[in-house]
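Below is one structure; the comments refer to it alone.
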Amino acid sequence: MLEVQDLVVTAGGVRIVDGVSFEVRPGEVLGMVGESGSGKTMTMLAVAGLLSGPARVAGGTAVLDGTELTEARLERLRGRRIGFVFQDPATSLNPLMRVGTQISEVLRIHGVSRGEARRRAAELLEQVGLGPERAGRYPHELSGGQRQRIVIAMAIALRPSLLIADEPTTALDVTVQEQVMQVLRTAQRETGAATVLVSHDLGLVAEAAHRIAVMYAGRLVETGTVEEVLGAPRHPYSAALMRSRPRVGTGRGPLPVIPGYPPAPRSRPPGCAFHPRCPVALDRCAKETPPLVGGVACWAVQDG
Amino acid sequence: MAEPLLRVTNLRKSYGALHAVDGVTFEVDRGETLAIVGESGCGKSTLARCVARLTQPTGGSVRLDGVELAPLSRRRLRPLRSRFQLVFQDPSTSLNPRWTVGEIVREPLRLQGVRGDVPGLLAEVGLDPGLADRHPHQLSGGQRQRVGIARALALSPDLLVLDEPVTALDVSVQAQIINLLLRLQEERGLGYLFISHDLAVVSAVAHRVAVMHAGRLVETGPAEQVLGRPSHDYTRALVAAVPGT
């Protein structure tokens, strides 16, 4: 189980992630959604200790199965207890190494014998829907979807207790997207890993996640089950976001829009960062930041 | 019967043995949006580039208002350039980073040696004319795409070729740009050739949809028919693969 408490990430004095708390139980998929700059990827990079550049954790804790994830521990836990699938499989694969060897390497590094690693690699290939003959291929000899399957095999090789998938199918075509998501869900079920699926795609999250966390301007604004958040969103931002999403079959015509743009981290308005774009904002919203109470961070909902 | 705004007949573009566009035929009328949908590598972007004459087709015909564009040299094409414009997917790579917003929108006017109303164009696409002095990196993704659209409108074209114009944008910004495109089409009577892989976006903008697969159009028809009751297997697979619908 992953427990994140009051996580704060800063970069150059600006709060990129501003007091985020959530839990993910074993076997559960949490869909983390939000637009660019909302902090969803930064949150998960911080949890995994993979922040780079000026970004650093400035507060809060992340605990995985009772063990606090500190810099020092993360070095050992990544790969073994925490698996990753990123948007671009090319960043996770070595272009000069056969993919079967890359899967075995993950196991070898963590003490598995050569023969056992080779046998497990073949099993993992099968598990992600690739034949054993693919083991001898180089990444460039595989399609984008196949490469992402290799990355999934590597991510689950050591049966991690936390799986982080950040836009895992965004770079893939729709028909391939569906197959790769299927592989990811099966892998997730079989390992029983607590899984965080970071995505901008509400439709994808609706199909793959149990619970959803919506981020806006560095904060969690709403959490709940998929049915609650997508079916009956309570935060005015989540509600407006669902309405503004085009759907196949609704027919040609204007979409309900949210006026304005999401704020950049260094120019976030005080109080609730959504208040300048919010149709139901109260006076209070411009002054005080609403806490997340009962799954929603909104004065209008809490006071109303 | 009057000529359609754009008539493309048996258009082909080959790179050696690779037939990226392999005999494509369609029409776009004034005030109408034809969406070309398909996955990456199906040839839809090459098709857009052929129609916008960023690349020379290998064969076939492209007629704008009855005038055949395909055999024209660059020089003879220039006066016709103002009639059709291209809007790209990624506004950050299609806008010169060293120029101001005003300079970017004025550029096509300068090239054609005509006067134009840059503040008016910015206002028309929902940008504060005060942004004319800014550089692209000082704008949000949505604002940059508005600049790209203002530039495309500068010469009052009849046809816009839009290559994945909202793909790089967030959901809330996507909706704003879709609405802007719908409004501009109605006000100016523009024809749109709208290239996209996203069937939900296409559903919101297209009158007609053509599905492209391996360089060919496999199905063409009214949007509600193609997306609602697809007849080709490939279209059915595409529609079924859209998550959360």
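First the proteins, then the strands, lettered A, B, ... as listed; each starts at 1. Remember, it's a predicted structure, so these values are computed and weren't measured experimentally.
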### Query
Sub-3.5 Å donor-acceptor pair from the side chain of B/Gln176 to the main-chain atoms of A/Ile258, do we have one?
yes
### Query
Most heavy-atom pairs under 4.5 angstrom with chain B, which of A/Thr175, A/Val257, A/Val174, A/Leu172?
A/Thr175
### Heavy-atom closest pair, residues B/Asp170 and A/Glu35
CB-OE2, 2.9 Å
### Message
Is B/Ala204 in contact with chain A via its backbone, its side chain, both, or neither, using a 4.5 Å heavy-atom distance?
### Response
both
### Task
Find the one option among B/Ala241, B/Ser140, B/Ser172 whose heavy-atom pairs under 4.5 Å with chain A are most numerous.
B/Ser172
### Query
What part of B/Val171 is in contact with chain A, defined as an atom under 4.5 angstrom from a non-hydrogen atom: side chain, backbone, both or neither?
both
### Message
Within this structure, what is the CZ-CG distance for the pair A/Arg247 and B/Leu227, rounded to the nearest 0.5 Å?
### Response
15.0 Å
### Query
What residue, out of A/Ala208, A/Ala240, A/Pro256, A/Ser244, has the most heavy-atom pairs lying under 4.5 Å from chain B?
A/Ser244
### Closest heavy-atom pair and its distance - B/Glu39, A/Asp173
OE2-CB, 2.9 Å
### Max heavy-atom pair count under 4.5 Å with chain B, selected residue of A/Gly260, A/Ser36, A/Gly249
A/Ser36
Distance-only criterion, 3.5 Å: show the donor-acceptor pairs between side-chain atoms of residues 98-105 of chain B and protein atoms not counting sequence neighbours.
{"unit_1": "B/Thr100", "atom_1": "OG1", "unit_2": "B/Glu103", "atom_2": "N", "d": "3.2"}
{"unit_1": "B/Thr100", "atom_1": "OG1", "unit_2": "B/Ala132", "atom_2": "O", "d": "3.4"}
{"unit_1": "B/Glu103", "atom_1": "OE1", "unit_2": "B/Thr100", "atom_2": "N", "d": "2.9"}

### Task
Mark yes or no for whether B/Glu224, through its side chain, and A/Arg252, through its backbone, hold a donor-acceptor pair below 3.5 Å.
no
#### Entry: Non-hydrogen atoms of B/Ser203 and A/Thr250 that approach each other most closely
OG-N, 3.8 Å
### Query
Is a side-chain N or O of B/Asn179 found less than 3.5 angstrom from the main chain of A/Pro254, in a donor-acceptor match?
no
### Task
Of all the heavy-atom pairs spanning B/Ile178 and A/Pro246, show the shortest one and how long it is.
CD1-CG, 4.4 Å
### Query
Closest heavy-atom contact between A/Pro262 and B/Val173?
CD-CG2, 4.5 Å
#### Entry: Pick from B/Gln174, B/His197, B/His207 with the largest number of heavy-atom pairs that fall under 4.5 Å of chain A
B/His207
